[in-house]
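One structure is given below, encoded as structure tokens.
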Amino acid sequence: MEKMSGYAFVAAMLSTGLATIAYLAYAISGLRAARMQTAGMPMNTGTLGFVSGRYTPAIGRYATMLGWLATLALLAGLIFRAIATKHGPFANMYEFSLAFAFGVLVTYMVFERRYHQRILALVALPVAAAMMAYASTIPSTIEPLVPALQNNLLLTVHVAVAIVAYGSFAIAFAASLLYLLQGRWALVAGGMLVLGILGAPTGLLLSGGNITGLLGGLLGGGLLGGLLGYAAHWAGLGKSFEGEASGRWGLPKPQVLDEIGYRAVVVGYPFLTLTIILGAVWADTAWGTYWSWDPKETASLVTWLIYGTYLHARVVRGWRGDRAAWLLVLGFVATLFTYFGNLFFGGLHSYSGLG
Amino acid sequence: MVQEAGTPPLETASVPAAGAMDRVDNVLERLWHLLTSMRVAMIIMLLIAVMGVIGSLVIQMPTGVGDDPQARIDWLNGIRPRFSLFAAQTDIMNSLQLFEVFNSFVFRILIALLTVSLIACSLHRIPGLIRTATKPRVDVGAPFFQHAPQHETIVARQTAADAQALVTGVLKRRGYRTLSAEDETIHVYGDRWRWMQFSGLIGHLSLVVIMAGAIIGGVAGYRDQDFSIAEGATRVVGTNEGLSVKLTDFTVTYDQITDSPSDYASSVILMKNGTEIDRHVVRVNDPLRYGDLTFYQASYGSAAQMTIKDAGGKLLTSEGVPFSWQLNDGKRSLGILSVPGTNYTLWVIGTGGNADTRVRPGQVEVQAFNNSGASSNTPIDDKVLDQGKAATVAGMAITFDRESQYTRLTVARDPGVMLVWLGSLLLFVGFALRFMLPHKRVWGRITTRSSGAIVSMATLAQKDAAISTDFEDLVNDIRTALQAPVQA
């Protein structure tokens with residue numbers, strides 16, 4: 001069973017990689033079509049503002065198939081793993097990272113089915129692929145549960161619920177980035193995106209496969225990219241795209257992205273709330289206190305507060321749009337810290353198996 | 001804020017000079033505006049989030065250290081090397097309460113402000129919510145049907161009354177409650193989940209319940225995180241209820257392959273006034289509960305089994321002394337025992353390992369202190385004991401029998417915890433219902449025209465750019481119903 005789960009994970013990684021390439025091809029095809037339309041050629045514009053060329057729909061269908069394949073392979077892998085370990089596949093960083101990747105994949109696929117926005121995959125799939133790549137660098141040996149984790153029901157439910165929340169927030173993050181790319185802060189968001197994506201593997205390589213390096217590279221690159229973008233914006237290099245009806249560069253309309261971001265948070269927020277509550281219930285039986293300001297607890301509370309602010313921002317004038325989208329970016333950074341927090345700060349949640 | 005900016009200055013000047021009471025009213029009104037403002041609430045939430053970030057980045061004092069001045073100084077000295085960018089860094093951070101963010105003055109103020117704002121916002125909204133649920137406005141004017149975020153007009157062949165019946169029929173089929181009013185036109189109103197607006201309110205107020213629970217637990221709760229008992233020893237619970245706990249056995253099970261601990265089990269007997277009332281094996285996920293008092297497995301360590309007799313050979317005590325402290329050298333462990341029936345306190349010091357030349361493995365050092373003596377800080381006697389050999393320390397015959405183990409339990413009583421769980425339940429159910437069953441309202445206006453009726457429908461819900469909205473589906477249904485062949 002352990003071997004079979006390993007094979008399934010390899011299959012999932014491969015198909016995620018292929019799916020990412022297919023989605024990229026889909027986006028490029030759409031972008032080309034958008035260019036040609038700008039140049040005056042007649043093109044199909046969908047109801048949601050996505051321009052498509054001749055082969056675009058076919059590439060999109062293949063990408064979707066590959067995406068589902070990756071999701072199912074990962075699900076199979078997790079099930080095999082659960083059978084092999086006799087507990088939910090959430091007990092150490094290896095299992096949890098794969099579960100996180102599954103959460104992102106499955107949430108993305110569900111949102112794609114509902115909203116038909118394949119472009120989101122350009123952010124969501126790399127996030128899932130990064131989690132799987134990270135998982136492949138850490139030991140996957142099955143070890144007995146430390147005493148604190150020996151509560152099969154709570155382990156399974158607490159973490160499974162967290163996975164749904166994290167997956168939804170990843171989708172909201174993808175939508176907000178694509179939203180910001182089309183607005184006033186295009187250069188800032190673009191700089192963050194490019195340097196963040198380049199920074200993450202660089203950090204991983206430089207630190208010799210250390211997650212701190214990956215996160216450091218991601219955040220450092222993102223920050224640097226944001227600053228450079230801001231400098232360029234300040235120097236007046238970017239133009240304002242505001243008030244345009246359809247999306248830029250073949251991207252979905254900003255209003256659509258705004259809506260998807262909100263929907264994703266509406267799904268994720270109750271799940272995050274439940275994760276925190278179940279965590280408190282468990283802490284009360286295992287550690288004798290429902291709340292102890294452990295770094296992971298604190299980080300989850302910070303995440304909860306940021307998304308709570310976001311939900312209010314949606315109904316307050318002056319906070320809609322850009323500011324709300326930045327809150328989603330901030331919320332996802334907080335989500336990543338909640339997820340990786342125990343690796344930096346130690347604390348009661350440090351049974352990742354990485355010491 | 002917006003209103004102030006919009007008020008023309010002339011108008012303000014024409015208001016007669018405000019009396020003292022008016023000024024108070026004015027201040028109170030502004031305060032109320034501030035407290036019920038969602039923007040203010042959002043800023044407070046983000047500030048609390050910032051505090052949370054600081055609290056997880058900067059090392060925090062363990063619970064209890066902050067209340068004990070000496071422990072605080074020791075702890076600060078311990079971390080001083082890590083915060084030495086400039087000489088006074090640690091002290092400045094300490095006085096800014098950065099090492100105790102979640103007990104800090106600023107944090108408490110922010111939590112208090114958030115609570116007040118939550119309550120104020122809720123109170124502010126209640127009358128409106130009740131009004132829309134019980135007495136919604138049915139007869140809205142014609143302009144609404146042209147300016148609402150979503151609106152639609154359908155021309156029908158039916159008479160106005162027939163059209164009204166069809167529209168209400170569709171609304172009812174879709175689970176709406178309908179109300180109608182009639183003047184020169186027919187007004188139709190439909191709403192769904194009208195009581196669910198209150199679930200969001202409950203979700204918000206449940207946070208107040210949780211905080212109340214936390215405060216009650218902090219004020220009226222009992223907590224002993226250092227309830228250490230050596231094997232064979234009995235220890236009195238500090239709640240003054242005559243309760244004591246005896247540890248009969250402590251076992252650590254190791255995994256055979258990885259050698260990491262897989263189970264800690266403390267077999268304990270709970271006694272009240274000396275009689276046994278319960279037996280339990282306390283494990284990490286399986287505490288002992290007695291009434292509202294709970295005993296949790298926290299940690300464990302080694303202990304020294306000591307036998308102490310007085311000069312006449314009478315047994316004073318024979319018990320395990322937990323090595324639950326560390327000497328400042330960071331190597332030798334320390335157990336403290338107050339000898340019953342005497343004025344003496346013994347420090348039992350374990351070996352620092354093979355490199356330790358003073359206390360070798362298999363030995364303990366015993367330092368005796370006289371509690372009532374003038375110089376109770378210096379030992380009156382000090383000897384290194386071999387295992388199994390009695391020696392005389394401060395006039396007592398003391399034997400180090402063997403090494404054993406001790407368990408450390410956490411004893412806790414939290415009268416606020418039920419409120420916390422109640423609040424958590426309301427929080428989750430409130431928000432889940434608020435998002436899953438959103439309150440929906442539609443208005444219809446049916447006017448007669450020469451050969452039939454005109455049906456206008458409108459809602460306040462925003463148009464959804466991504467998918468077709470409920471309103472669009474509803475209008476489609478109505479259109480289908482109106483266009484269906486009239487049955488003969």
Side-chain angles (χ1 to χ4, degrees), chain A residues 48 114-117 141 143-151 154 252-256 258-260 263 266-267 269-270 273-274 276-277 280-282 284-293 295-296 298-299 301-303 305-306 308-309 312-313 315-319 334 337 341 344-345 347, chain B residues 2 37-39 41-43 45-46 48-53 55-57 59-60 63 101-102 203 213-214 217 223 225 255 257-258 260-264 283-287 294-298 409-412 414 417 420-421 424-425 427-428 431-432 434-436 462-467:
Chain A
L48 301 173
R114 197 162 155 80
Y115 294 101
H116 312 288
Q117 298 300 331
T141 44
E143 284 181 10
L145 290 177
V146 298
L149 288 182
Q150 288 167 9
N151 187 327
L154 273 172
K253 278 189 222 169
Q255 301 94 299
V256 177
D258 184 55
E259 191 65 32
I260 290 177
R263 294 290 165 104
V266 163
V267 172
Y269 199 66
T273 312
L274 194 58
I276 296 176
I277 293 173
V281 170
W282 195 357
D284 194 52
T285 53
W287 300 328
T289 168
Y290 54 85
W291 196 264
S292 44
W293 298 108
K296 196 144 177 145
T298 310
L301 182 70
V302 168
T303 311
L305 285 167
I306 292 174
T309 312
H312 288 100
V315 293
V316 171
R317 218 170 343 129
W319 276 78
F337 263 94
F344 306 115
F345 314 129
Chain B
V2 178
S37 151
M38 214 183 267
R39 257 165 245 211
M42 283 160 62
I43 287 164
M45 280 164 82
L46 287 179
I48 296 176
V50 170
M51 298 289 283
V53 171
S56 41
L57 289 178
I59 186 171
Q60 299 289 297
T63 344
V101 168
F102 305 113
R223 192 165 188 85
Q225 287 186 296
D255 184 76
I257 303 163
T258 57
S260 57
S262 60
D263 191 21
Y264 318 123
R283 293 190 155 91
V284 175
N285 271 298
D286 187 10
T294 315
F295 299 81
Y296 303 91
Q297 180 67 49
L409 304 178
T410 296
V411 187
D414 189 343
V417 77
V420 171
W421 298 142
S424 302
L425 184 73
L427 177 73
F428 176 69
F431 284 150
R434 162 72 182 74
F435 290 134
M436 273 160 47
Q462 290 295 324
K463 212 168 158 53
D464 190 328
I467 51 167

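The chains referred to below are lettered A, B, ... by the order of the sequence lines, with proteins before strands, and numbering in each begins at 1.
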- Note on the structure: Taken to the nearest 0.5 Å, the spacing of B:Trp421 CH2 from A:Ile277 CD1 works out to 8.5 Å
- Task: Please round to the nearest 0.5 Å and tell me the distance separating atom OH of B:Tyr296 and atom CG of A:Asp284.
- Result: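 Output value for this atom pair is 4.0 Å.
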- Item | Under the side-chain hydrogen bond (donor to acceptor under 3.5 Å, both in side chains) test, residues paired with B:Gln297 that sit two or more places apart |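 Expected list: B:Ser266, B:Thr407.
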So for [X], is it side chain, backbone, both, or neither that comes closer than 4.5 Å to the heavy atoms of chain A?
| X | answer |
| --- | --- |
| B:Thr294 | neither |
| B:Ala298 | neither |
| B:Arg283 | neither |
| B:Val53 | both |
| B:Ala41 | neither |

Pick one of side chain, backbone, both or neither for [X], based on which atoms fall under 4.5 Å of a heavy atom in chain B.
| X | value |
| --- | --- |
| A:Thr289 | both |
| A:Ala334 | neither |
| A:Val267 | neither |

Using every non-hydrogen atom in the two residues, find where [X] and [Y] come nearest and quote the distance to one decimal.
| X | Y | value |
| --- | --- | --- |
| B:Met45 | A:Leu305 | CE-O, 3.5 Å |
| A:Thr298 | B:Gly52 | CG2-O, 3.4 Å |
| B:Phe435 | A:Pro270 | CD1-CG, 3.7 Å |

- Note on the structure: Most contact-rich option vs chain A, by heavy-atom pairs under 4.5 angstrom, among B:Asp286, B:Leu425, B:Thr410, B:Val420, is B:Val420
- Criterion side-chain contact (heavy atoms from CB on, under 4.5 Å) on A:Tyr290 and B:Asp414, from CA distance to verdict: CA-CA 10 Å; A:Tyr290 54 85; B:Asp414 189 343; 3.2 Å; yes
- Query: In chain order, what residues pass the salt bridge (Lys or Arg N to Asp or Glu O under 4.0 Å) check against A:Asp258, with sequence neighbours excluded?
  - Reply: A:Arg314
